[in-house]
Amino acid sequence: MIKYNPNKIERRWQKYWEAEKIYVAPDKAKGKEYFYFLVEFPYPSGNLHIGHWYTFAVSDIAARYWRMLGKNVMYPIGFDAFGLPAENTAIKNNLQPEDWTKNNIAHMTKQLKSMGAAFDWSRMVSTIDPDYYKWTQWIFLQFYKKGLAYRAKTLVNWCPKDKTVLANEQVIDGCCDRCGTQVVQKELTQWMYKITDYADRLIDDLEKVDWPEVTKTAQRNWIGRSRGAEIHFLLPNSTETIKVFTTRADTLYGATYLVLSPEHLLVTKLTKDQYLDAVGKYLEEVKKKSELERTSLEKEKSGVFTGAYAVNPVNNERIPIWVADYVISRYGTGAVMAVPAHDERDFEFAKKYELPFKIVVRPKTDWDFNESAFIEDGVLLDSDDFNGYTSSDAREEIVEKLAQKKLAHRKVNYKLHDWVLSRQRYWGTPIPMIHCGKCGYQPVSEKDLPVKLPRLEDYLPSADGRSPLAKAEEWLKVKCPNCGGEAERETDTMDTFVDSSWYFLRYTDPDNKNAFADPEKIKEWLPVDLYIGGAEHNTMHLLYSRFFTKALCDLGFLDFDEAFTVRRNRGDILGPDGYKMSKSRGNVVDPDDLVTKYGADTVRMYLAFMGPYEQGGPWNAGGIIGVSRFLSRVWTVFNQVDKKEKLPVEKNNILHRTIKKVGEDIENLRFNTGVSELMKLLNELENYELPVSVQKTFLQLLAPFAPHIAEEIWQGILGNKKSIHLEKWPEYDPKLIVEET
RNA sequence: GCCCAGGUGGUGGAAUGGUAUACACGAAGGACUUAAAAUCCUUUGCCCGCAAGGGCUUGCGAGUUCGAGUCUCGCCCUGGGCACCA
């Protein structure tokens, strides 16, 4: 008997499948249910690691299963290939980012093919391809026309090491999510996408999709909608007012002072002469601190009195105006009314600076107001006409009363900010705008797209923050599309999250020269039936893609406004030490070594077997031998010619129960129990002589998990002429299952 | 602090409210072998016991139930997200 040697058979079948084009998903498949199965496309970092296998090879089990069920499955693959790592590595090794990236793509394509995954390579998409980013730019222009892309001065996150702007989503604990350098705030004029226009729909439409609860709550928190009111405090002897945002208008009678953020425009204007020194000194100190230091909760709040007073519109009480660093300038109006008795932060501040307290909401139980603020709802007291009102009624009525005098109105605030998409780096999609001295910014004409990224000898970011593209002199000079005069191209490139916000649309029609995709094809394939990816994209890629989908829908290019019907988060494979795999930690597991040792089928199947797919966990090489043994035993069963006992009839029940269970397991992405069912089945069957029908069924069940060995036995030993991967998923007889239980 | 997810043998993990620990790894013993590897067989939750047998066990403590890993409440711990957002 020939020993099971995966390395001898796997490459051969991979070539065979490719040659036979069995995984190409046709655009026209009469009578078949279309199934778009999307997995987040990888960044071409250079080498496939075990995490990529987990992502693509394990998902592949489901892709193959649905195909066997008779669906027209699209399981596409591509590369999210623009971005900083290419640039940084290229700088270090004196290479061109383009060359480095394209080499990586070629290498990783080879590696991806070695997994034996059922990708439709004919739909491959790469974001650095001018035929692709032409449409990234085209979408930008459509958004620009509708005011969804605009240029404005804004306080941005700036990474001093990468010398570029970062979106809020890319700042983790005050540091750059790429290099970990502490981010600083800088005021710059940047291109932005108006995602805030969609804040409400981005929250409300979460109801429409079947997504993990974690993702939904993460997005709700990130968007941070809060309903409240804007209330105008009057300034004595002035027509000007200070507007504050509050969700607790019911505590208005308890406001004992007012706080402006240090950046508030009225600070210098209001401050009384004898307080100018103190306030000036305070502002200097605040400026010195980084955003991280300022917003740290451990830090004690600090502030200073301006000498000025504001008038509470509800009772004409004069309250002092302070400046304090605990008020955030970019949220709400940058000013708050302080109610120490009913707000924890105001409580802490008022205690420190000995500011007065006024209790206006009666707690249901005994409450020690010397200890802490009572922040829950209750019944009002010391609030004139509103005594006895519940908090929720009072919120409405107080705002209503002030609204009549135009001193208040209802207001909804969001934490979400517009998406700053400009990047001052080289390796990205050029922003298709032209700056003319006379006409200002003008869009590049659609017929001139794509604006190709020029090759640049010196693509290093400059210290002054000017984009590297400013050095491309020839490229830079262009005629103004409006007046025909001398003009310059925009030199910023786009955030790579722009590239990946629409790639799932391009998969449906990757070679289209006239549109980002043919509307007919989009209609056939979209929305995506199942989207699998990592939870790290909860508030980035997934939020941006939803925004793109909604905007493109509103512009009439799509007829749906949620692109991903079902989303499941895949768990992450960590290093054996339990930490995230990284080169610097030296805990990266190389799948190539494992494939050489055990074969692709074993690696795939072991990854599936390790644990629940949505959970992930540390890599543990210990158990892989078990899967390897299992496949060897499968091999032996089909190769052995010894005389054995006939299969007892009752084993049929087990077979049919397994068909049912494995199908359900794959359907629910419970690959680990699917594998164990196959192992149990083999344990039951291996000592008997199996009828051909049982042999076939067993191989069909195995095929999605271990496609190579299944094919080898199917064609090589059973003598079938067509691929096992064109077979139907076996059906079970429910009657047999009922009898058993 | 708030919001999610989770806590089961030595390990990865399994279990529509109904025999907890399936499947696999590891370990121990045995067979084959000059020997080793590979393979096969047996044992393997913990404690007491030579054994027969008995007791305990799903982070901790209560509760609902004929019956709880599973449901409810309160705590502890781990991982993740948000975080002075008024």
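Residue numbers start from 1 in every chain, and the chains themselves are labelled A, B, ... in the order their sequence lines are given, proteins ahead of strands. Side chains included, hydrogens not; waters and symmetry mates left out as well; all remaining heavy atoms used. It should be emphasised that the depicted structure is a prediction, and the values quoted were computed from it without experimental measurement.
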Short side-chain donor-acceptor distance under 3.5 Å, [Y] and [X]:
| X | Y | answer |
| --- | --- | --- |
| A:Thr636 | A:Asn639 | no |
| A:Asn538 | A:Thr215 | yes |
| A:Asn569 | A:Arg567 | yes |
| A:Asn683 | A:Arg633 | yes |
| A:Asp572 | A:Tyr54 | no |

Mind checking if [X] touches a base, just sugar-phosphate, or nothing, with heavy atoms under 4.0 Å?
| X | result |
| --- | --- |
| A:Asn538 | nothing |
| A:Arg220 | nothing |
| A:Arg633 | sugar-phosphate |
| A:Pro618 | nothing |
| A:Gly622 | sugar-phosphate |
| A:Ile625 | sugar-phosphate |

Whole-angstrom distance between [N] and [M], as gauged at atom [atom1]:
| N | M | atom1 | answer |
| --- | --- | --- | --- |
| B:G30 | B:A68 | P | 43 Å |
| B:U44 | B:A38 | P | 23 Å |
| B:C60 | B:G7 | P | 13 Å |
| B:G45 | B:C23 | P | 12 Å |
| B:A52 | B:C40 | C1' | 32 Å |
| B:U57 | B:G13 | P | 25 Å |
| B:G17 | B:U43 | C1' | 33 Å |
| B:C25 | B:A14 | C1' | 15 Å |

Of the nucleotides [options], which one has an atom closest to the side chain of [X]?
| X | options | value |
| --- | --- | --- |
| A:Asn683 | B:C25, B:C23, B:A86 | B:C23 |
| A:Lys415 | B:C84, B:C25, B:C82 | B:C82 |
| A:Trp222 | B:G26, B:C82, B:A86 | B:C82 |
| A:Thr539 | B:C82, B:A86, B:U39 | B:C82 |
| A:Tyr326 | B:A14, B:C84, B:C25 | B:C84 |
| A:Lys301 | B:A86, B:U39, B:C84 | B:C84 |

Roughly, in whole Å, what's the span from [atom1] in [X] to [atom2] in [N]?
| X | N | atom1 | atom2 | answer |
| --- | --- | --- | --- | --- |
| A:Leu543 | B:G81 | CG | C1' | 14 Å |
| A:Lys216 | B:C82 | NZ | C1' | 19 Å |
| A:Tyr331 | B:C82 | OH | P | 17 Å |
| A:Met679 | B:G13 | CE | P | 15 Å |
| A:Ile624 | B:G26 | CD1 | P | 12 Å |
| A:Ile223 | B:A83 | CD1 | C1' | 17 Å |
| A:Lys580 | B:G80 | NZ | P | 11 Å |
| A:Ile573 | B:G80 | CD1 | P | 16 Å |

Nucleotide forming a Watson-Crick or wobble pair with [N], both distances under 3.5 Å:
| N | answer |
| --- | --- |
| B:G12 | B:C23 |
| B:C32 | none |
| B:A37 | none |
| B:C82 | B:G1 |
| B:G17 | none |
| B:G63 | B:C71 |

I'd like to know whether the aromatic ring centres of [X] and [Y] sit less than 6.0 Å apart in this structure.
| X | Y | value |
| --- | --- | --- |
| A:Tyr606 | A:Trp619 | yes |
| A:Trp322 | A:Phe349 | yes |
| A:Tyr544 | A:Phe547 | no |
| A:Phe305 | A:Tyr257 | no |

Please list each protein N or O that sits under 3.5 Å from an N or O in nucleotides 18-22 of chain B, with the distance.
{"unit_1": "B:A22", "atom_1": "O2'", "unit_2": "A:Lys680", "atom_2": "NZ", "d": "3.1"}

A:Asn620 vs A:Gly623, nearer the 5' end of RNA chain B by closest nucleotide: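 Its nearest nucleotide being more 5', the pick is A:Asn620.
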Of A:Val675 and A:Arg670, the one whose closest RNA chain B nucleotide lies more 5':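 So the residue in question is A:Arg670.
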Just jot down the side-chain contact (heavy atoms from CB on, under 4.5 Å) partners of [X], sequence neighbours excluded, or say none.
| X | answer |
| --- | --- |
| A:Ala308 | A:Leu270, A:Lys272, A:Thr306, A:Ile321 |
| A:Leu265 | none |
| A:Val336 | A:Val259, A:Val327 |
| A:Thr217 | A:Glu213, A:Arg220 |

Assigned glycosidic conformation for B:G29 [threshold 90° from 0]: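 Nucleotide B:G29 adopts anti.
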Contact under 4.0 Å: A:Arg330 side-chain N or O vs B:A86 OP1/OP2: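 Negative; the distance criterion is not met.
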Nucleic acid footprint by protein, nucleotides 2-8 of chain B - heavy-atom cut-off 4.0 Å, B for base, S for sugar-phosphate alone: -SS----
